[in-house]
Structure formats: C-alpha cells, structure tokens
Amino acid sequence: MKYMAEPYKIKSVEVISMTNREQREQYIKEAGYNTFLLKSQQVYIDLLTDSGTTAMSDKQWAAMMVGDESYAGSVNFQHLEETVKKYYGFKYVVPTHQGRGAENLLSSICIKPGDFVPGNMYFTTTRAHQERNGATFRDIIIDEAHDSQKEHPFKGNIDLTKLQALIDEVGADKIPYVCLAVTVNLAGGQPVSMENMKAVKAICDKYKIKVMYDATRCVENAFFIQEREKGFDKKSIASILKEMMSYADGCTMSGKKDCLVNIGGFLCMNDDELYGQACELVVLFEGMPSYGGLAGRDMEAMSVGIQESVDDEYIKHRVTQCRYLGDKLMAAGVPIVKPVGGHAVFLDAKAFLPHIPQDQFPAQMLAAQLYVEAGVRSMERGVISAGRNKDTGDHYYPKLELVRLTIPRRVYTYSHLDVVADACIELFNKRDNIKGLKFVHEPKLLRFFTSRFEPLK
Ligand SMILES: *Cc1c(COP(=O)(O)O)cnc(C)c1O
C-alpha cells in the first residue's frame, strides 16, 4: 500500500465551521492578509502549524487525570524524566513550557556577545534567542537545501566544509555550540543522516565545541533514516532515535511537535555544570526544575506522547499523509519543495507566482488566497518570516519563498487533504490574477506573527 491508512480510530470529534467565499474575502481583509490574524472559527482546514495542534490519544487524556500538582517533586516529573532518559538517552532533563523556553535557557547560559552559532538553516525563535544573547547565526546547511527542486535524501545535512571554515575563521572558542536541527523545518522538513550527525560530532569533539540538537521533529527524522539510510531498514524507530541522540551533548525540544502534546517542551544535556546553571535559570523564567512552566498533568501526557511517538506504525502513517498531499500536487504540476519532508508540504511561491517580485511578498499573498479559495489556513515561510538584518535594516531575502501546508498529527483524514489539494490546483490554474502585497504595519521582532498588509493595485 502506497499510502498507509490510519493506525487509529476516532473516538471523539470536533465540529468545524464552514464559510463561504464572500465571508472569507471579508475575514482575510480584516486580518490584514496575515493568516496568523484569522480567528480559528473562520478556518475550515487549519494547516497553519503542526505545533500543539496534535490530537491526543485516549491514553494521554487518561494520563491528564493522574496529574500530581505538587509544587515540588511531582511524580509526573519523575515519569517524564524516566521516559526522556529511556528514549533520548541524555543524563539530565529540564522541563520548559515549550521549545522556546528551552532555547532561552540554552542561549542565555552558553552564548557570550560576539559568539557565533552555526546551524543547518535558521529557525525563527531559535535564531531570535541566539541573537538576543549577542551571537551571530551562520547557516552551514548543504547548498542543496536552498534549492527547492534539488532531490537529496538528506537535504538537512550540515556541510562539513562550511563548519570547518567557520571554525578556522572565528576560532573554536567563539563557537559555544553547533545547533543541529533534526529535521530542518524551514528547508521543508528535510532530514539529517546518521552519518552526518556522527561526522559533525567528530569535528566538534576535536575542537571541544558542544553539539546541541533542535530535536523538535527528531522522530520524523528517525523515520527518514529508517527508510533511506543504508543499514537502518531493519532497526526500530526507538533504536534509531536513541542512536541519533548519542551524537549530541544535549537538545532543546518542543513537545508540541513530536511528543504529541498541546503544550510542553524540555532541555536535555549530559554536562553537570550546564545542568546546574539551567536549574538556576529555569526558576526565573519557567518555574521549579520539576515542572518548568507545566502542570503535572501536562508532563504526564508528554511522557505517554513520547512513548506513542516512537511507534513504527504511527510515524509511518504520519509521514505518508504528507507525502500523499505532495504527490497529488506534483501530479498536477503545482510547484512544491522536493522531496516532501516529514511534517508539511511547502508550496514554492516563487515558481507559483513568478510575476510577483519577492519584495511584494508572493508567499504571504498565496497563503491569503488559499484561505479565500477554500478556508484552508497555511503560513508564509519566506521574506516576511526571515525578517530584517539588524545591522543594515534590509529584508533578508531567503532563496526559499514558501507557503507551508503543515499537517497536524492524527487530526485530519485523507479526504481533508483532497480538499486542500483541489484548492491549490484551482489557484494554480488562475495564478496570473494574483497580485502582491505591501506592509501597513510591521513589528520589529518576529514580524510574521502580527504584520498587516494591503493588496497592491
Ligand atoms: C516549533 C519549533 C521551535 C520552538 O518551539 P515552541 O514549542 O514553538 O516554542 C523550535 N525549533 C523548531 C524547528 C520548531 O519547529
């Protein structure tokens, strides 16, 4: 079977509201052509993000009922600690309210002004925390990742030559850690090979540089290793995940993605000193090291989610759903990022709307038009998300100007994805009528969340 059917059945449903085109034209105008500013009841199929939008299982909901809400030493924290140690293998775990809480701790502790943090393409909140602490981010992903049409089994890999060149240029003492994302969200959910993780670790060990993973979608990454990398096809997802983590000194984790929960995250490390510092700082920003901004019940649901996430059938279905949507779009000639990654299908807005220059925000407009077409909410991942260079004030112009159709975990069926595909194909057929946008409001930080626009005449 090419597309795996759901390895679960539906026990509870949530009714979604339907709207007509006239209403949607009004709603998107009121939202300043920014899909982040739509109200959720205005949306039919919500592919804004896979973050925190997961459907929890009956076992996770049951776990919510055994929340131990003690201020200190909650039994749910003990379960979380055991589970993370078992599946991720790190020595220490500090819970945080979500991934960026862990990023804040890591960046605040490890970065000094003037440092450099290399990574395999940036992520919005990750880079913002690095820069806020005085570091310069350097992209050291392989060149293929910046070309939406290049097929590569591990398009998220770090270019080892670029890593070595940065070490030679600035010196190892200016690099507190390498931030290695598995998978790479902004490249299209592209995985990193085990071989590459091992090689990065070897170089970093030589220079005593830490390797910290952004482990947000590490289970999806493990699936691609099982599927594509020589010698891993007979290994379980759980054992691949554990091996991946053995080539890191720690990780930040957004539980809202691969841990199958609606809120939660954590920071892991093996280093005693780093753990001590994280335990001090977490009290300031999140709470006691035994709850880190989470309720006991949230930690319990995350423990169960971690166990469910490494089920081989679950993850196969998850990635298959994305591939189904991608294959339908490719068959109709709609330009998307290839190969399809683990959590989303990315429309290539530059190829979709070649008549709109990048400074008129083609991806932003494409996302708005997809909403008007069928009530499907997606997100821009292009020049608006990339922001401005803090020194020159100019826009960053990323090579990839994308619209992300993100598939929430265990939420939508193949029929929903048919609606999404049909809407994209319909828009593609009338693409010449779509015009660009201009800013009417632009916030300074993470502008994609709250910017407002007007269509150009
Ligand atoms: C979502 C995400 C984060 C941040 O996690 P939050 O839980 O949203 O704070 C970090 N890195 C990547 C790759 C992500 O997708």
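First listed ligand is number 1; within each ligand, the first listed atom is number 1. Computed over heavy atoms, backbone and side chain alike; hydrogens, waters and symmetry mates excluded. Bear in mind the structure is a predicted one, so any value in this text is a computation, not a measurement.
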Original post:
Is the closest side-chain heavy-atom distance between E300 and S74 below 4.5 Å?
Top reply: no
Original post:
Starting from atom 15 (O) of ligand 1, which protein heavy atom do you reach first, and at what distance in Å?
Top reply: R217 NH1, 2.9 Å
Original post:
Starting from atom 13 (C) of ligand 1, which protein heavy atom do you reach first, and at what distance in Å?
Top reply: D214 OD2, 3.3 Å
Original post:
Is the Lys NZ or Arg CZ of R127 less than 6.0 Å from the centre of Y396's six-membered ring, within 45° of the axis?
Top reply: yes
Subject >> Identity of the nearest option to atom 5 (O) of ligand 1, non-hydrogen atoms only, from S254, G101, G52 >> reply: S254
Subject >> Between D272 and Y92: side-chain donor-acceptor atoms closer than 3.5 Å >> reply: yes
Original post:
Mind checking whether Q98 has an N or O less than 3.5 Å away from an N or O of ligand 1?
Top reply: yes
Subject >> Numbered atoms and elements of ligand 1 in range of K256, under 4.0 angstrom, heavy atoms >> reply: 7 (O)
**OP:** Kindly say whether the aromatic ring centers of F266 and Y88 come within a distance under 6.0 Å.
**Re:** yes
Original post:
Of all the atoms in ligand 1, which lie at a distance below 4.0 Å from a heavy atom belonging to T125?
Top reply: 4 (C)
Original post:
Looking only at N/O atoms, are G264 and ligand 1 under 3.5 Å apart anywhere?
Top reply: no
**OP:** Would you please name every residue forming a side chain to side chain donor-acceptor pair (under 3.5 Å) with T183, sequence neighbours left out?
**Re:** none
**OP:** Give every residue pair that meets the salt bridge (charged side-chain N to carboxylate O under 4.0 Å, His left out) criterion with at least one member in residues 48-76, sequence neighbours excluded.
**Re:** K11-D58, D50-R217, D50-R318, D50-R409, E69-R297
Original post:
Taking the six-membered ring for Trp, is the centroid-to-centroid distance between Y247 and Y213 below 6.0 Å?
Top reply: no
**OP:** With heavy atoms of R100 as the reference, note each atom of ligand 1 found under 4.0 Å away.
**Re:** 5 (O), 6 (P), 8 (O), 9 (O)
**OP:** Provide, to 0.1 Å, the distance between atom 10 (C) of ligand 1 and the closest protein heavy atom, together with that atom's residue and name.
**Re:** E103 OE2, 3.0 Å
**OP:** Using a strict 4.0 Å cut-off to heavy atoms of K257, name the atoms of ligand 1 that fall inside it.
**Re:** 1 (C), 2 (C), 3 (C), 4 (C), 5 (O), 8 (O), 14 (C), 15 (O)
